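Inspection log for the structure reproduced underneath, given as structure tokens.
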Amino acid sequence: MDWCHYRFRSRWDLDAPPAAVFAVLANGDAYPRWWRQVREVRRIDERSGAARFRSLVPYDLRLIVSEARQDPADGVLEIGFAGDLEGWARWTVLPEGTGTRALFEQEVVARKPLLRRLALIGRPVFRANHTLMMRAGLRGLRAHLAARTAGPAGAPPGPAAGPSGGNAV
């Protein structure tokens, strides 16, 4: 077993239309506004960016994130990672009842030297750290979607913005 190899899967059930969820998830530049563990996103070009993540464990992960697939018709957003983690992540956004189910899948290999050195004893902590990050992301996305739907005080809800393109983190 490669102790530096990780697979993650999370399911987010959201009370928002799939198009609205897809639009927010497709806008990687805005992740720091609603997901506090996404500390920084800086666009490199139309299909890639640099990102910095930090959750409960006191270390930063720095990644180059590259768009691999953005398919609104199938509800799929996929990115590749290089840097402290190497691999891929995918969102699959599907209608579920009156809302949306967003399935997050990720497969990565830790390349950051500290993570590699601590792989055996740190693995349970790293996995718990990821779980906490995903829970916070779900809470942040729910609040962000609710605020978008509510709009300014007294204003009727407006249509959700379409995908902004590129750099889905």
Side-chain angles (χ1 to χ4, degrees), residues 6-56 60-109 126-127 129-152 157-169:
Y6 295 87
R7 287 187 183 146
F8 298 106
R9 185 177 168 105
S10 297
R11 187 181 91 193
W12 292 5
D13 293 317
L14 302 152
D15 292 327
V21 173
F22 188 92
V24 172
L25 293 175
N27 185 4
D29 296 328
Y31 274 47
R33 289 186 216 143
W34 58 268
W35 197 341
R36 64 186 172 95
Q37 289 83 3
V38 181
R39 300 298 174 97
E40 180 182 4
V41 175
R42 182 180 42 82
R43 186 174 289 280
I44 295 172
D45 58 34
E46 285 302 311
R47 295 180 59 96
S48 64
R52 183 172 58 90
F53 302 86
R54 184 178 188 145
S55 190
L56 187 61
D60 286 351
L61 292 175
R62 296 180 186 277
L63 306 174
I64 300 299
V65 180
S66 301
E67 179 184 325
R69 180 177 176 200
Q70 187 173 125
D71 187 342
D74 286 340
V76 176
L77 295 162
E78 191 167 313
I79 57 173
F81 294 137
D84 290 342
L85 299 176
E86 190 174 288
W88 58 271
R90 176 177 43 239
W91 286 106
T92 305
V93 178
L94 301 167
E96 179 70 26
T98 60
T100 300
R101 173 162 295 157
L103 177 63
F104 177 81
E105 299 168 282
Q106 181 180 34
E107 188 168 340
V108 294
V109 174
F126 300 152
R127 293 190 69 77
N129 191 61
H130 187 273
T131 298
L132 292 172
M133 179 176 170
M134 295 305 291
R135 285 183 189 160
L138 174 57
R139 283 191 306 272
L141 181 56
R142 283 180 173 154
H144 182 75
L145 289 164
R148 284 172 48 119
T149 302
S164 63
N167 209 17
V169 174

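For clarity, every value in this text was computed on a predicted model and none was experimentally measured. Computed over heavy atoms, backbone and side chain alike; hydrogens, waters and symmetry mates excluded.
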Considering non-hydrogen atoms only, spot the tightest contact between [X] and [Y] and give its length.
X: A102; Y: L25; answer: CB-CD1, 4.3 Å
X: P32; Y: G28; answer: CD-O, 4.2 Å
X: W35; Y: M133; answer: NE1-O, 3.0 Å
X: R43; Y: E46; answer: NH1-O, 3.4 Å
X: L63; Y: G83; answer: CD2-C, 4.5 Å

To the nearest 0.5 Å, what is the distance between [atom1] ([X]) and [atom2] ([Y])?
X: N129; Y: S55; atom1: CG; atom2: OG; result: 4.0 Å
X: R9; Y: M134; atom1: CZ; atom2: CE; result: 11.5 Å
X: W88; Y: S66; atom1: CH2; atom2: OG; result: 15.5 Å
X: R39; Y: L61; atom1: CZ; atom2: CG; result: 11.0 Å
X: I79; Y: E67; atom1: CD1; atom2: CD; result: 9.5 Å

Given side chains that start at C-beta, do those of [X] and [Y] come closer than 4.5 Å, heavy atoms only?
X: V65; Y: F81; result: yes
X: F104; Y: T92; result: no
X: R42; Y: I44; result: yes
X: L103; Y: L94; result: no

With sequence neighbours left out, which residue pairs that include part of residues 81-94 fulfil the salt bridge (charged side-chain N to carboxylate O under 4.0 Å, His left out) condition? E78-R90, D84-K112, E86-R111, R90-E105

With sequence neighbours excluded, what pairs up with [X] under the side-chain hydrogen bond (donor to acceptor under 3.5 Å, both in side chains) test?
X: R33; result: none
X: E107; result: H5, R7
X: H130; result: Q106

Please output the side-chain donor-acceptor pairs of residues 12-23 that fall under 3.5 Å, not counting sequence neighbours, one pair per line with the distance.
{"unit_1": "D13", "atom_1": "OD1", "unit_2": "R101", "atom_2": "NE", "d": "2.9"}
{"unit_1": "D13", "atom_1": "OD1", "unit_2": "R101", "atom_2": "NH2", "d": "3.3"}
{"unit_1": "D13", "atom_1": "OD2", "unit_2": "R11", "atom_2": "NE", "d": "3.3"}
{"unit_1": "D13", "atom_1": "OD2", "unit_2": "R11", "atom_2": "NH2", "d": "3.0"}

Non-neighbouring partners of R139 that pass side-chain contact (heavy atoms from CB on, under 4.5 Å), sequence neighbours left out: R36, R135, A136

Is the backbone of V76 close enough, under 3.5 Å, to the side chain of D71 for a donor and an acceptor to pair up by distance? no

